[in-house]
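Read through the structure below, which is laid out as structure tokens, and then see the notes.
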Amino acid sequence: MKVLLSRAFNPAFEALPEYLASALRSLGHDVALFDHRRFLVPGRLRRRVALLERLDRARLNRAFLAAARRHGAALVIVNQGMNLEPAGILRLRDAGVRVVNWFSDFPAEFDLGMRTAPAYDAFHLGSSWAVERHRAAGHRHAAWLPFACDPETHHPAGPPPQRCDQGRRIVFTGSHYPERQVLLRHLRGLPVDVYGPGWEAARHDDHLVPMLRGGALRPEAWRRLYSEAAAVLNIHYGALGPASVSGEMANTRAFEIPACGALQIADRRRDLQALFREGEHWLGFSSGEELRAVIETALTDESLARRIAAAGRRAVLNGHTYADRARVLLGEAEAFALPVPTAWSSPVESFRGSRRVA
């Protein structure tokens, strides 16, 4: 099948669009790419001159339709893509093209997505909480489609190295957010290494400074770090805050960490608990004190860490790859059922310690 994938291209790092395009091609489809953020006029000028904004946006939408016609696309997959006008989506559908959106991020552009969703044949969201909001608004074609892993990229870097005198380390890779800084302060004195953009904001935090190691990393770099770590910490955006901030969404690292063969320690959120079993595939926390206790367990019980890491890798490769997600977008498989509330808080007491409800 001829497929047009419309996405935002970021040369700084590989992300969902690159992994999805690769998965579609591996399934035998002819994939062309369109960048729906390729404006000709810089944003600072478009924001100041409304006419330039209208003209450049209209040109971009014409280019999108032309790309679909030129490729002879039978299916158009849009990743977010709120620069694409609903009228153009409807024109493609009128011409017999199936158009679906994987609105993978939350809360980015959520209000725009609510207004644009009816134009699509199917509207897949990365957050089950967001799906509930869409369905409440009457969007019956809204469905839950979480992130995934790419086994070609997200895999163990090699055999674990020989342990050195420095001992085992805990790794966190991700952008600076205030909630992450607050939680990491609870880990003062532990062997924690923090990488990612924006952490210069914590340069005056005496608790954090000993943990800071550097900026953003490409997959080959953090894959090696994950392979060597005692555990990898995953603090979601909006961790321990209200669902309206985080969408209860399991982020990309929730899939990439176990795919790399590492033990994942993450803040509890509904989608992660619905997809993987805590205590078997990952370890969870709901407070800074519990985070410290779980990390101390991971550092001292290497057999436990290895066992959960291995189970987590098996689980994520069994149904949570981008090829699996591509089959849903192609209409060959069902989207995920929304989580059942009574299952979100099933106890795993041997690993949780004292639990605080967020």
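Since we're looking at a predicted model, the values are computed, not measured. Atoms considered below: every heavy atom in the structure, side chains included; atoms not considered: hydrogens, waters and symmetry mates.
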Exercise for review: Assess whether side chain to side chain donor-acceptor pair (under 3.5 Å) is satisfied between H236 and S246, documenting all intermediate values.
Suggested key: CA-CA 8 Å; H236 288 81; S246 68; over 6 Å; no

One should read off an interatomic distance between R292 CZ and L184 CG, to the nearest 0.5 angstrom, of 12.0 Å

Hydrophobic clustering (ILVMFWY, side-chain heavy atoms < 4.5 Å, transitive) - are L272 and F285 grouped together? no

With sequence neighbours left out, the residues meeting side chain to side chain donor-acceptor pair (under 3.5 Å) with N61 are none

Examine distances only and state if a side-chain atom of E18 and a backbone atom of A15 form a donor-acceptor pair shorter than 3.5 Å.
yes

S128 and L338 have their tightest heavy-atom pair at CB-CD2, 3.8 Å

query: Tell me, do T153 and E256 make a side-chain contact under 4.5 Å, heavy atoms counted?
result: no

Going through the distances and angles, do E179 and L240 end up as a side chain to side chain contact (heavy atoms under 4.5 Å, CB included)?
-> CA-CA 8 Å; E179 63 271 28; L240 311 188; over 6 Å; no

Distance col, row L329:CG vs L20:CG, nearest 0.5 angstrom, shows 6.0 Å

Answer whether the closest heavy-atom distance between the side chains of I89 and F64 falls below 4.5 Å. yes

### Message
When you compare the side chains of D205 and Q181, does any donor N or O come within less than 3.5 Å of an acceptor on the partner?
### Response
yes

Applying side chain to side chain contact (heavy atoms under 4.5 Å, CB included) to Q264 and H281, what does each step give before you reach the verdict? CA-CA 8 Å; Q264 175 174 201; H281 301 138; over 6 Å; no

Tell me, with the steps shown, if R325 and Y19 meet side chain to side chain contact (heavy atoms under 4.5 Å, CB included).
CA-CA 10 Å; R325 303 300 187 254; Y19 301 141; over 6 Å; no

Here the gap from L4 atom CG to R69 atom CZ, rounded to the nearest 0.5 Å, amounts to 11.5 Å

**Prompt:** Is there side-chain contact between R169 and R213, with heavy atoms separated by less than 4.5 Å?
**Reply:** yes

What side-chain donor-acceptor pairs closer than 3.5 Å can you find for residues 40-52, not counting sequence neighbours?
from, atom 1, to, atom 2, distance (Å)
R46, NE, V41, O, 2.8
R46, NH1, E53, OE1, 3.0

Sorted by chain and number, sequence neighbours left out, side chain to side chain contact (heavy atoms under 4.5 Å, CB included) with P197 holds for S175, A216

- Side-chain heavy atoms under 4.5 angstrom apart, residues restricted to Ile, Leu, Val, Met, Phe, Trp, Tyr: same cluster for I265 and V316? no

Nearest heavy-atom approach of L208 to A202 is CB-CB, 4.2 Å

### Query
Are M82 and V99 connected, step by step, through hydrophobic side chains (Ile, Leu, Val, Met, Phe, Trp, Tyr) whose heavy atoms are closer than 4.5 Å?
yes

| query | Is there a path from Y237 to I235 through hydrophobic residues (I, L, V, M, F, W, Y) whose side chains come within less than 4.5 Å of each other? | reply | no

With sequence neighbours left out, the residues meeting side chain to side chain contact (heavy atoms under 4.5 Å, CB included) with R7 are F9, P17, L33, D35, N79

- Given E290 and R268, is the salt bridge (Lys or Arg N to Asp or Glu O under 4.0 Å) satisfied, shown in steps? CA-CA 11 Å; E290 187 179 19; R268 296 185 183 97; 2.9 Å; yes

Scanning both residues in full, the closest heavy-atom pair of A108 with Q80 reads O-NE2, 3.6 Å

Notebook entry, point to check: Do the two ring centres, one from W102 and one from H124, sit under 6.0 Å apart?
Noted result: no

- Query: Can you check whether M249 reaches F147 side chain to side chain, under 4.5 Å on heavy atoms?
  - Reply: yes

Side-chain heavy atoms of H176 within contact of V194, under 4.5 Å | no

The side chain to side chain contact (heavy atoms under 4.5 Å, CB included) partners of L60 (sequence neighbours excluded) come to F34, F39, N83

Rounded to the nearest 0.5 Å, the CZ atom of R313 sits from the CG atom of L263 at a distance of 14.5 Å

Taking every heavy atom of L84 against every heavy atom of H36, the minimum-distance pair comes out as CD2-CB, 3.9 Å

The remaining residues in the hydrophobic cluster of I257, counting side-chain heavy-atom contacts under 4.5 Å among Ile, Leu, Val, Met, Phe, Trp and Tyr, are V171, Y195, L217, W222, L225, Y226, V232

Hits for salt bridge (Lys or Arg N to Asp or Glu O under 4.0 Å) against D267, two or more places apart or cross-chain, chain-then-number order -> R269

When every non-hydrogen atom of A119 is compared with those of P86, the smallest separation belongs to CB-CB, 3.8 Å

A323 meets the side chain to side chain contact (heavy atoms under 4.5 Å, CB included) criterion, sequence neighbours left out, with A23, T321, R327

Sequence neighbours excluded, the answer for salt bridge (Lys or Arg N to Asp or Glu O under 4.0 Å) partners of E152 is none

- Item | Step-by-step salt bridge (Lys or Arg N to Asp or Glu O under 4.0 Å) determination, E14 to R218 | CA-CA 8 Å; E14 301 85 348; R218 299 300 285 261; 3.1 Å; yes

Could you go through the side chain to side chain contact (heavy atoms under 4.5 Å, CB included) check for R57 and R54 one step at a time? CA-CA 5 Å; R57 185 174 292 271; R54 289 197 302 273; 6.0 Å; no

Residues at least two apart in sequence or cross-chain that pass ring pair (Phe, Tyr, Trp, His ring centres under 6.0 Å) with F255, listed by chain then number, are F276, H320

Would you say the side-chain atoms of H154 pair up with the backbone N or O of D150, donor to acceptor, closer than 3.5 Å? yes

Tightest non-hydrogen contact, residues R168 and A298, listed as NH1-O, 3.0 Å

With a 4.5 Å limit on heavy-atom distance, are the side chains of M211 and L187 in contact?
yes

Taken to the nearest 0.5 Å, the spacing of L291 CG from R185 CZ works out to 14.0 Å

Sorted by chain and residue number, the ring pair (Phe, Tyr, Trp, His ring centres under 6.0 Å) partners of Y120 (sequence neighbours excluded) come out as F123

Verify same cluster id: V245, M114 (apolar side-chain graph, 4.5 Å): no

Tested for salt bridge (charged side-chain N to carboxylate O under 4.0 Å, His left out) against R270, the lone hit among E132, E248, E278 is E132

Could you check if a side-chain atom of R306 sits within less than 4.5 angstrom of a side-chain atom of S303, using non-hydrogen atoms only?
-> yes

CZ of F103 to OG1 of T116, rounded to nearest 0.5 Å, is 8.0 Å

Check your understanding: Judged by atom type as modelled, is there a donor-acceptor pair below 3.5 Å linking the side chain of R25 to the main-chain atoms of V31?
Key -> yes

Applying ring pair (Phe, Tyr, Trp, His ring centres under 6.0 Å) to F110 and not counting sequence neighbours gives F106, H134

Under a 4.5 Å cut-off applied to non-hydrogen side-chain atoms, are L75 and L330 in contact? yes

- Query: Has R133 got its NZ or CZ under 6.0 Å from the middle of the six-membered ring of W129, at an angle within 45 degrees of the ring axis?
  - Reply: yes

